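See structure below.
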Amino acid sequence: MGDRMSTSTQSKSVSFAQTQPTSLTIFSYAWAMQSLIQLVYFRAWFETGQPLGWIFLFFSLAVFLFPGRVRLFAAMVASGLVYYISIWPFVVNHYLGDHLVAITMLAAAVIVLGKKLLSTTPLSDQESEDWFDTFAPVAGAIFAFVYFSIIVSKLNVAFFDLDISCLSGMIEEAEADRPLVKPFLGLFSVEFYFWVFIVAETLLPFMLAYKPTRLPAFYFGVPFHILLGLMGHWPFSSFMLTLYILMCMPMLKDVLRPYIQKIDALRSKLTPWLPGSVLFALLSGFFLVIAAIGKPSWAWLLWSVILAAAILYGMVREHIKNGMFSGTGVSNVWVRKPGWLWVMFVLAIVNSSGPYLGWKTQTSIGMYSNMRTEGAFNNHYFMPDMPLFGFQDDLVEIIDSNNDEILALKTYPARYGFVGQEHDVYRIYFEFRRTVSTLEDPDLEITYLRNGEMRTFKRGDEGNVDKDLDKPLPILQAKLQYFRPVFKSERSYCLH
């Protein structure tokens, strides 16, 4: 299909039976789907008219219609990275996992394809497979580590306090407001589902990391994310389900092959004049139109259910044929082939260390965890607070200001269980400085406590104690570091 196959130039109507979709064809289709879901759900790019968001949308649509084209997919991944980096650090937590995988994919493309990536020379199926095989192990390792990072962050006192826990609040809200899951969640208590989630999230990183248990983990990992999506978190679920596809690619190709052959044989009989790739694009386009007319979340659900059915069928077949813990049907992870690309896995670990080392608390893959490590306070059961950097212990309390945007920093809403309630908060000085330095108010005045010491700030006054408060943050720090508000209460309420 397209520039990924040298055979594509030989015939105008190459069939799927003649050229089976490569691993990259399947994965690029899924990656485009999850990218479109992110763009639909987090649509600030549309509301503010950001050109980079529109460019990313264009390439995502193109790959969704024509998956498997190496250069097109590379352009899509690159355009997505450029867009998201342009809005860093103001992205949701799971995006950092997405971006590390995307960087891994692009680096692998450069390693495997080199100058061919920028040429017009047709690329073979083997080159497409080599690209996938180079980035898949690192992406799979990052996938397993995302689960590990999430469950570790949740092992704190506040998360297991069901009165304020993000998870118990999430379950209660879903039972009240999500009609599709309300009957299911109503079968048992909130506490029961709380422990089901905890057990699942604890087992998944270890089972996915160990090859013999990798495929069995899908039996509850895939339904878990469909349930989570039905509870309102379908963008995160779509990202994780796409990585499940990556992890079971050998099995999934075997499942899809006979069906693709039958569909293409039928196409050859009914519409021999219509190339298979064009028919696929038309069907995919029709799906997008239906999604646009209806509810995008329903499109996600349909895609997820079909995907889950294909994976479940393949798992059962694989386990009947080779045994439950044979380790067959899954992609390799812990192999040497990616070489220096394993640095990306190390960066994933470094990113998640932010709250414990004191250099960031947002976008550290610790979402909805109730964890607090700021202000010399650590509510984690066993992870030590080692503030090698002093950022998150540098707290600011806003006392007064002549600017409404500054006054708004005095409070912040908690998430699940406390919707609509504003709580008094401290601000990390780093974020306080980010806000103040970007405000265009020539008469700005602020009275605040910094680490217990009363201070004042007047724009343009040489007597300001914090002289850097009006200076923009260094660009690299501004992009990589991001801190959440800190509740004044001893209770660590739910934040994303």
Side-chain angles (χ1 to χ4, degrees), residues 1-5 8 11-43 45-46 53-73 75-77 79-80 180 226 229-230 234-235 237-239 241-242 244-245 252-253 255-311 313:
M1 300 173 77
D3 65 5
R4 70 173 182 82
M5 302 178 186
S8 65
S11 170
K12 197 172 183 178
S13 59
V14 176
S15 70
F16 286 112
Q18 291 172 304
T19 54
Q20 288 298 317
T22 65
S23 302
L24 193 75
T25 302
I26 298 170
F27 182 73
S28 64
Y29 186 69
W31 192 263
M33 177 65 177
Q34 76 93 13
S35 295
L36 289 170
I37 288 171
Q38 310 299 331
L39 286 168
V40 167
Y41 193 89
F42 303 105
R43 50 184 177 272
W45 60 274
F46 175 78
W54 284 100
I55 293 171
F56 182 34
L57 174 66
F58 169 80
F59 281 112
S60 297
L61 289 171
V63 172
F64 189 75
L65 297 176
F66 301 100
R69 286 152 171 77
V70 170
R71 296 182 181 94
L72 186 61
F73 183 47
M76 175 201 148
V77 175
S79 66
L180 289 181
I226 292 179
L230 289 172
W234 43 284
S237 288
S238 67
F239 167 63
L241 288 172
T242 298
Y244 274 103
I245 291 174
L252 199 56
K253 286 168 66 177
V255 168
L256 294 177
R257 183 175 293 113
Y259 293 100
I260 291 174
Q261 290 175 338
K262 290 177 182 179
I263 292 172
D264 193 64
L266 181 62
R267 177 202 63 82
S268 297
K269 290 181 179 180
L270 298 178
T271 57
W273 46 270
L274 186 66
S277 59
V278 175
L279 177 61
F280 183 84
L282 291 173
L283 293 174
S284 296
F286 178 73
F287 175 82
L288 290 176
V289 170
I290 296 300
I293 295 173
K295 294 181 66 176
S297 58
W298 285 98
W300 164 82
L301 181 59
L302 176 61
W303 176 74
S304 299
V305 169
I306 293 173
L307 169 64
I311 290 177
Y313 168 74

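It should be emphasised that the depicted structure is a prediction, and the values quoted were computed from it without experimental measurement. What's counted below: heavy atoms across the whole structure, side chains too, no hydrogens, waters or symmetry copies.
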Between [atom1] of [X] and [atom2] of [Y], what distance do you get to the nearest 0.5 Å?
X      : Y      : atom1 : atom2 : value
Asp264 : Arg267 : CG    : CZ    : 4.5 Å
Ile37  : Ser304 : CD1   : OG    : 6.5 Å
Phe66  : Thr25  : CZ    : OG1   : 13.5 Å
Ser268 : Leu274 : OG    : CG    : 10.0 Å

Minimal non-hydrogen separation, [X] against [Y], with atom names:
X      : Y      : result
Ile245 : Ala30  : CD1-CB, 3.5 Å
Val63  : Ser28  : CG1-O, 3.5 Å
Phe287 : Ala299 : CZ-O, 3.6 Å
Phe59  : Ser79  : CD1-OG, 3.7 Å
Ala32  : Met76  : CA-CE, 3.6 Å
Ile226 : Ala308 : CD1-CB, 3.6 Å

[X] vs [Y] side-chain heavy atoms within contact, under 4.5 Å:
X      : Y      : answer
Leu307 : Tyr244 : no
Leu282 : Leu65  : no
Gln34  : Leu241 : no
Pro21  : Ile260 : yes
Ser60  : Gln38  : no
Phe64  : Ser35  : no
Phe58  : Ile55  : no
Ile263 : Leu279 : no

Describe, in one word, how the ring planes of Trp54 and Phe46 are oriented to each other, choosing from parallel (under 30°), tilted (30 to 60°) and perpendicular (over 60°).
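Ring orientation, 0 to 90° scale: tilted.
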Ring-plane angle category for Trp234 and Trp300, please: parallel below 30°, perpendicular beyond 60°, tilted otherwise.
tilted
Going through the distances and angles, do Leu288 and Leu36 end up as a side chain to side chain contact (heavy atoms under 4.5 Å, CB included)?
CA-CA 10 Å; Leu288 290 176; Leu36 289 170; 4.0 Å; yes
Under the 3.5 angstrom rule, does the side chain of Thr242 hit a backbone N or O of Trp31 as a donor-acceptor pair?
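Side chain of Thr242 to backbone of Trp31: no pair is present.
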Derivation of the side chain to side chain contact (heavy atoms under 4.5 Å, CB included) call for Ser238 and Tyr41
CA-CA 11 Å; Ser238 67; Tyr41 193 89; over 6 Å; no
Residues, nucleotides or ligands: over 12 heavy atoms within 6.0 Å of Arg43 CZ
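For Arg43, atom CZ is not crowded (no more than 12 foreign heavy atoms under 6.0 Å).
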